[in-house]
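Throughout, residue positions are numbered sequentially from 1 according to the sequence presented.
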Amino acid sequence: MRPTATAALSPQDRSRALSAMQEDELDLLIVGGGVVGAGAAVDAVTRGLSVGILEARDWASGTSSRSSKLIHGGLRYLEMLDFRLVREALKERGLLLQRLAPHLVRPVPFVYPLTHHGWERLYVAAGLTLYDALAAVSSTASGVPRHKHLTRRQALRLVPSLRKDALVGAVTYYDAQVDDARHTMFLVRTAVSYGALAANRSRVTGFIRQGERVTGVRVRDLETGADLEIRARQVLNATGVWTDETQSLVGERGQFQVRASKGIHLVVPRDRIQSQSGLILRTPTSVLFVIPWGRHWIIGTTDTDWSLDKAHPAASSSDIDYILRHVNKALVIPLTREDVEGVYAGLRPLLAGESESTSALSREHVVGHPTPGLVVVAGGKYTTYRVMAADAVDEVARGLDGRVPASCTQRIPLLGAEGYDAAWNARHRTATRYGIHVAWVEHLLHRYGSLATEVLDLCDADPVLAEALSGADDYLAAEVVYAASHEGARHLDDVLTRRTRISIETWDRGVSAARPAAALMAQVLGWSDDQQTKEIEHYLARVEAERASQQQPDDETADSARMRASEIVPLT
């Protein structure tokens, strides 16, 4: 089975999708446009089902754009003796690297400093040997080199910024990383290319029932204010940390509850830490990652209970100080608040349990069928989204009449993956053909895969789009246009925060890029001058509110400061 077209999430396609969803009863309607919902859309549509997917805000606007950006087995789960979860995650890592999304997922090395002689090296080596072995016995190649032992001198050569007294030796190993928001958006586009119907900024306001059975949903199109009804034989609740709230719309308590755990990350310029590798550092309660990210480092994360606003979790001053305090224990030149270029906070959807500590709650997922016609999937981790999606659609299939084929998504590359290796090998020819520097071609290949030529065609048609975006010179102007015309971006925040990472990769957090980006989006979305002004003012207010929240001492005051910036599109 091959996709029917190179799917675009254009404004016109969104309108057509909402209209089509109202015409005929769907086999499956998915509520939630994060990685699990998007993965379920790919899984279901490639089994031959008619599928719709709705998202109240933007694709990946919740947890799925605010992770550590790692695709990994989870070394700490080995310590918990959860070998099944680690093996499952390592298998998925191999699939993503080798087959499903090689344009979006890449190997990343880490140095693990050892602080004790003898026993620690044996302990860590045993864990990493098992980690490599579990990856090797999966059904696909691991896609990364095996771990290696380093002397202290070798480790310091790799990571000159490490304090000499912070280690006695080290071990280096590999995992993988991904731009989570782009990967989730590509899942949606892939589902659409196989025939799924997709619409963001479409909020489910209630469920339609026939007796005890759920038969569809009521929806508010937040862009137009129109109220719609969509019928489906099965509805899947894949709303992550909003699972309980979505479930409450049915009027019944769910079979399980989801507890939100906040994790924050700092983004600092690459030159603040001299290293050829990422770092993994021990803290009293967990681990801290220092992850290479283009011209930056991402440092995180925390793991604390969160019961306040779920759409915009706030990082407090104490959160930032916690990360700086622990990373500075290992660095020759300590990082300061002035070094922090970006900050973001996300929520993990953990299955509520008996433990009082969120770090001890399960990262495994569950699937339930609490009401006829309604399936719920919750928990899990980003790396295993495909397994979660397949399990959820298996449960959906049990509620459908007739035989539904088994999942085939381990053999379905995402858009941009097919032909990626050939496109990478031909990048110099491509650069010559379009009259653009090869570094830009490589940049586009890493973000769009073999679809990079669609962005380059925009540059070819309008040379102004081949220039760097004013205020964010790591991105081409054409990428903003493409985000609005092909990637479902409806608002300025969507582009600066998720289609690109300008909001965390520039010193002013995207303020300088806001006006030129809005002008480019206006050409695609037909914005008036007043709408452009509204978009810019909203974005500036959001940045101001986030900066204010990061000066507050605790979660409550940080949340209060962050909530001063309203939604660009009210959810009511």
Side-chain angles (χ1 to χ4, degrees), residues 9-34 37-38 40-41 44 50-62 188 191-192 196-252 254 309-312 370-376 396 484 488-491 493-494 525-528 530-531 534-535 538 566-572:
L9 300 176
S10 69
Q12 297 77 18
D13 289 318
R14 176 185 177 278
S15 297
R16 283 193 289 268
L18 284 173
S19 295
M21 284 189 220
Q22 297 174 79
E23 291 174 2
D24 298 307
E25 183 183 49
L26 298 166
D27 291 325
L28 173 62
L29 179 70
I30 299 165
V31 183
S50 59
V51 178
I53 179 170
L54 301 172
E55 164 56 41
R57 294 177 174 83
D58 183 28
W59 306 118
S61 58
V188 177
V192 169
L197 302 169
N200 56 353
R201 303 290 175 180
S202 303
R203 179 173 177 259
V204 171
T205 58
F207 288 86
I208 302 168
R209 299 183 74 159
Q210 193 169 48
E212 291 298 309
R213 185 175 189 82
V214 170
T215 58
V217 298
R218 287 183 287 273
V219 182
R220 171 72 54 86
D221 179 350
L222 298 178
E223 296 294 292
T224 66
D227 289 317
L228 321 170
E229 288 192 355
I230 300 172
R231 305 282 173 169
R233 298 169 68 195
Q234 292 282 304
V235 176
L236 174 62
N237 175 2
T239 52
V241 294
W242 288 276
T243 298
D244 297 348
E245 287 86 344
T246 306
Q247 201 67 16
S248 70
L249 295 175
V250 187
E252 298 177 3
D309 181 71
K310 293 179 179 179
H312 307 291
T371 304
L374 178 65
V375 173
V376 183
V396 166
R490 301 288 304 171
H491 297 282
D493 186 65
D494 301 341
L525 301 176
W527 288 345
S528 64
D530 286 346
Q531 182 63 30
K534 179 183 176 182
E535 294 283 340
H538 168 267
S566 60
E567 296 273 0
I568 183 65
V569 179
L571 294 185
T572 56

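- Rounding to the nearest 0.5 Å gives a distance of 14.0 Å between CH2 of Trp242 and OG of Ser248.
- Contact of the Leu18 side chain with the Ser202 side chain is registered, since non-hydrogen atoms from C-beta on lie closer than 4.5 Å.
- The two residues Leu571 and Ala56 come nearest to each other via the heavy atoms CD2-O, 4.1 Å.
- For the atom pair Leu374 CG and Arg213 CZ, the distance stands at 10.0 Å (nearest 0.5 Å).
- With contacts defined as side-chain heavy-atom distances shorter than 4.5 Å, the pair Leu26/Leu197 qualifies.
- No side-chain heavy atom of Val204 sits less than 4.5 Å from a side-chain heavy atom of Thr246.
- What you find for Leu236 and Ala40 is that their closest heavy atoms are CD2-CB, 3.7 Å.
- Between the side chains of Gln531 and His491, no donor-acceptor pair is found at a separation under 3.5 Å.
- Put simply, the side chain of Val217 reaches to within 4.5 Å of the side chain of Leu29, judged on heavy atoms.
- No side-chain N or O of Ser528 forms a donor-acceptor pair with one of Asp530 less than 3.5 Å apart.
- In summary, of the residues considered (Val31, Val376, Ile208), a side chain to side chain contact (heavy atoms under 4.5 Å, CB included) with Val235 occurs for Val31 alone.
- Going from atom CG of Leu54 over to atom CG of Asn200 covers 10.0 Å, rounded to the nearest 0.5 Å.
- In this structure a side-chain-to-backbone donor-acceptor pair under 3.5 Å is present from His538 to Ser566.
- Of all the heavy atoms in Ala44 and Val51, the pair that sits closest is CB-CG2, 3.6 Å.
- For Glu245, the CD atom is densely surrounded, since the number of other residues' heavy atoms within 6.0 Å is greater than 12.
- Asp493 contributes no side-chain N or O that, together with a main-chain N or O of Ile568, makes up a donor-acceptor pair within less than 3.5 Å.
- One N or O on the side chain of Arg14 and one on the backbone of Arg201 form a donor-acceptor pair closer than 3.5 Å.
- Within the model, atoms CD of Gln234 and CG of Leu28 stand 7.5 Å from one another, a figure rounded to the nearest 0.5 Å.
- Minimum interatomic distance between Ala17 and Ala198 (heavy atoms only, all atoms of both residues): CB-O, 3.4 Å.
- Note that CZ of Arg203 and CG of Asp221 are 13.0 Å apart. Values are rounded to the nearest 0.5 Å.
- Atom-to-atom distance recorded for Ile230:CD1 and Met21:CE is 5.0 Å, nearest 0.5 angstrom.
- With Ser50 contributing its side chain and Asp27 its backbone, the two residues share a donor-acceptor pair below 3.5 Å.
- With a 4.5 Å cut-off on side-chain heavy atoms, Trp59 and Ile53 count as touching.
- Under the 3.5 Å distance criterion, with hydrogens and angles disregarded, no donor-acceptor pair is assigned to the side chains of Ser61 and Asp58.
- Two residues are said to be in side-chain contact when any heavy atoms from C-beta on lie closer than 4.5 Å; Arg218 and Asp227 fail this criterion.
- The pair Arg57-Glu55 fails the salt-bridge criterion, with no side-chain N (NZ, NE, NH1 or NH2) lying under 4.0 Å from an Asp/Glu carboxylate O.
- Under a 3.5 Å cut-off, the side chain of Arg209 and the backbone N or O of Val250 do form a donor-acceptor pair.
- No donor-acceptor distance shorter than 3.5 angstrom exists from the side chain of Arg490 to the backbone of Pro11, with no hydrogens or angles considered.
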